[in-house]
Amino acid sequence: MTKGSNKLAWITGGGTGIGKALALALDKQGWQVIISGRTEQKLQAVVELGQKIAYLTLDVTDREQSQQVFNTLYEKYGLPEVVVLNAGDYTPMPVDEFNLDLVYKLNQVNYLGVMNGLASILPLMKARKSGQILLMASVAGYRGLPDAAPYGATKAALINFCEAMYIPLKKQGVLLRIINPGFVTTQLTAKNTFKMPAEITSTEAAERIVKALASNSFEITFPKRFTYILKILRVLPYRLYFFFTSKIIGK
Ligand SMILES: NC(=O)c1ccc[n+]([C@@H]2O[C@H](COP(=O)([O-])OP(=O)(O)OC[C@H]3O[C@@H](n4cnc5c(N)ncnc54)[C@H](OP(=O)(O)O)[C@@H]3O)[C@@H](O)[C@H]2O)c1
């Protein structure tokens with residue numbers, strides 16, 4: 001946490017999964033948490049589970065609405081100390097089922113949706129010279145993984161973007177960080193038909209994120225027993241990388 005913390009957090013995609021678990025974990029620690037998402041009933045259900053959770057509905061793909069919702073949040077609650085741009089979507093895409101609509105949709109939610117949130121919050125955070133903004137990417141963004149091309153590409157874009165902005169923003173007092181989880185049990189990963197290695201619960205994922213808020217490392221990644229294997233795959237030369245992926249998919 002940065003100096004002068006006001007313990008106010010904004011989490012997009014806070015109605016379910018990792019965002020919901022994170023909202024509840026921060027709430028337990030006395031934070032005021034504002035959650036956003038498209039589905040009011042889901043957001044309301046999280047509000048009822050917490051002490052100091054409120055919601056503002058938002059479709060992150062809507063550029064104007066993103067700015068308006070942030071303005072409302074700022075007027076009502078102030079400038080958050082922590083913002084987690086977590087809203088995201090995933091659908092696998094086998095190579096023989098190329099789906100351009102899916103490519104557009106995942107880019108609009110996972111990449112441009114995060115950019116909309118970032119654009120709304122960044123000017124005031126820079127002016128204040130403090131605060132943390134966490135972008136929810138994935139280890140699927142480390143390298144291209146079979147069946148995850150459109151999703152992985154959006155997460156790779158976030159990682160690259162965040163790498164480029166980290167140092168310049170840090171010099172201005174704003175910590176822009178990336179979260180790269182492995183497999184977490186949520187409605188999103190329920191779409192996977194394979195056994196997910198080292199899968200953890202959303203509560204465990206939230207615990208790792210909350211713990212990491214006290215540090216200022218660039219990346220938050222978990223569970224390390226899995227994500228560090230992917231880090232090794234990330235630095236392999238293509239020939240070796242494709243050798244291993246072809247073994248994994250058995251093709
Ligand atoms: N689960 C994993 O293994 C895993 C691993 C790595 C990274 N991640 C990332 O973690 C994030 C959270 O995913 P999750 O696993 O917790 O799945 P989830 O439960 O499906 O959460 C995604 C949330 O995003 C919201 N959302 C989707 N589209 C939106 C839009 N256009 N505008 C506003 N909100 C939107 C959804 O709410 P509404 O539908 O109500 O809007 C939902 O609450 C995602 O970015 C995902 O890519 C997950």
Side-chain angles (χ1 to χ4, degrees), residues 1-15 18-19 22-23 26 31-38 43 54-89 106-138 141 153-181 209-210 212-221:
M1 232 174 293
T2 49
K3 228 173 126 191
S5 163
N6 59 8
K7 280 198 149 195
L8 173 64
W10 180 31
I11 304 171
T12 66
I18 302 171
L22 183 57
L26 289 175
W31 285 67
Q32 163 84 65
V33 186
I34 316 303
I35 52 172
S36 289
R38 292 166 304 177
L43 299 169
Y55 74 86
L56 292 167
T57 50
L58 167 66
D59 183 338
V60 297
T61 64
D62 186 326
R63 186 172 161 166
E64 276 88 48
Q65 199 189 38
S66 291
Q67 187 61 58
Q68 281 160 10
V69 166
F70 171 70
N71 293 348
T72 305
L73 187 155
Y74 178 59
E75 279 160 27
K76 235 173 147 181
Y77 305 97
L79 187 57
E81 171 66 19
V82 167
V83 174
V84 188
L85 300 173
N86 160 77
D89 201 355
L106 294 187
N107 268 284
Q108 273 153 1
V109 180
N110 295 0
Y111 181 60
L112 296 175
V114 168
M115 293 300 125
N116 288 336
L118 188 59
S120 72
I121 185 101
L122 205 47
L124 288 176
M125 276 227 184
K126 279 167 67 180
R128 186 181 62 184
K129 298 188 192 330
S130 76
Q132 291 196 38
I133 307 171
L134 298 95
L135 310 189
M136 181 60 81
S138 164
T154 64
K155 299 302 187 179
L158 288 179
I159 295 169
N160 189 295
F161 184 94
C162 208
E163 284 171 357
M165 300 277 278
Y166 177 69
I167 292 296
L169 280 177
K170 202 173 173 203
K171 287 187 174 161
Q172 298 187 44
V174 179
L175 205 51
L176 182 71
R177 311 176 72 186
I178 199 87
I179 309 177
N180 288 323
I209 298 169
V210 171
L213 290 180
S215 79
N216 64 0
S217 62
F218 171 70
E219 184 188 36
I220 301 168
T221 184

**Student:** Does some side-chain heavy atom of Leu175 sit less than 4.5 Å from a side-chain heavy atom of Tyr166?
**Tutor:** yes
**Student:** Whether the Asn71 and Glu75 side chains hold a donor-acceptor pair (N or O, under 3.5 Å, no angle test) is what I'd like checked.
**Tutor:** no
**Student:** Start with the C-alpha gap between Phe70 and Val83, add the side-chain angles, then the distance that decides, and say whether side-chain contact (heavy atoms from CB on, under 4.5 Å) holds.
**Tutor:** CA-CA 11 Å; Phe70 171 70; Val83 174; 6.0 Å; no
**Student:** Which distance, rounded to the nearest 0.5 Å, do you find between the SG of Cys162 and the CG of Leu169?
**Tutor:** 8.5 Å
**Student:** Could you tell me if the side chain of Met136 sits less than 4.5 Å from the side chain of Ile209, heavy atoms only?
**Tutor:** yes
**Student:** Can you tell me how far apart CG (Leu158) and CD1 (Ile178) are? Round to the nearest 0.5 Å.
**Tutor:** 5.5 Å
**Student:** Report the residues that fulfil side-chain hydrogen bond (donor to acceptor under 3.5 Å, both in side chains) with Glu219, sequence neighbours left out, ordered by chain and then residue number.
**Tutor:** Tyr142, Asn180, Lys231
**Student:** Can you tell me how far apart CZ (Arg177) and CD1 (Ile133) are? Round to the nearest 0.5 Å.
**Tutor:** 12.0 Å
**Student:** Apply the side-chain contact (heavy atoms from CB on, under 4.5 Å) test between Ile11 and each candidate in Val82, Val84, Ile18; give the one that qualifies.
**Tutor:** Val84
**Student:** Would you compute the distance between atom CG of Leu58 and atom OG1 of Thr72 and round it to the nearest 0.5 angstrom?
**Tutor:** 10.0 Å
**Student:** Side-chain contact, heavy-atom cut-off 4.5 Å: Val114 with Phe161?
**Tutor:** no
**Student:** Taking everything shown except Tyr74 itself, do over 12 heavy atoms lie less than 6.0 Å from its OH?
**Tutor:** no
**Student:** Which value, rounded to the nearest 0.5 Å, describes the distance between Ile34 atom CD1 and Leu43 atom CG?
**Tutor:** 11.5 Å
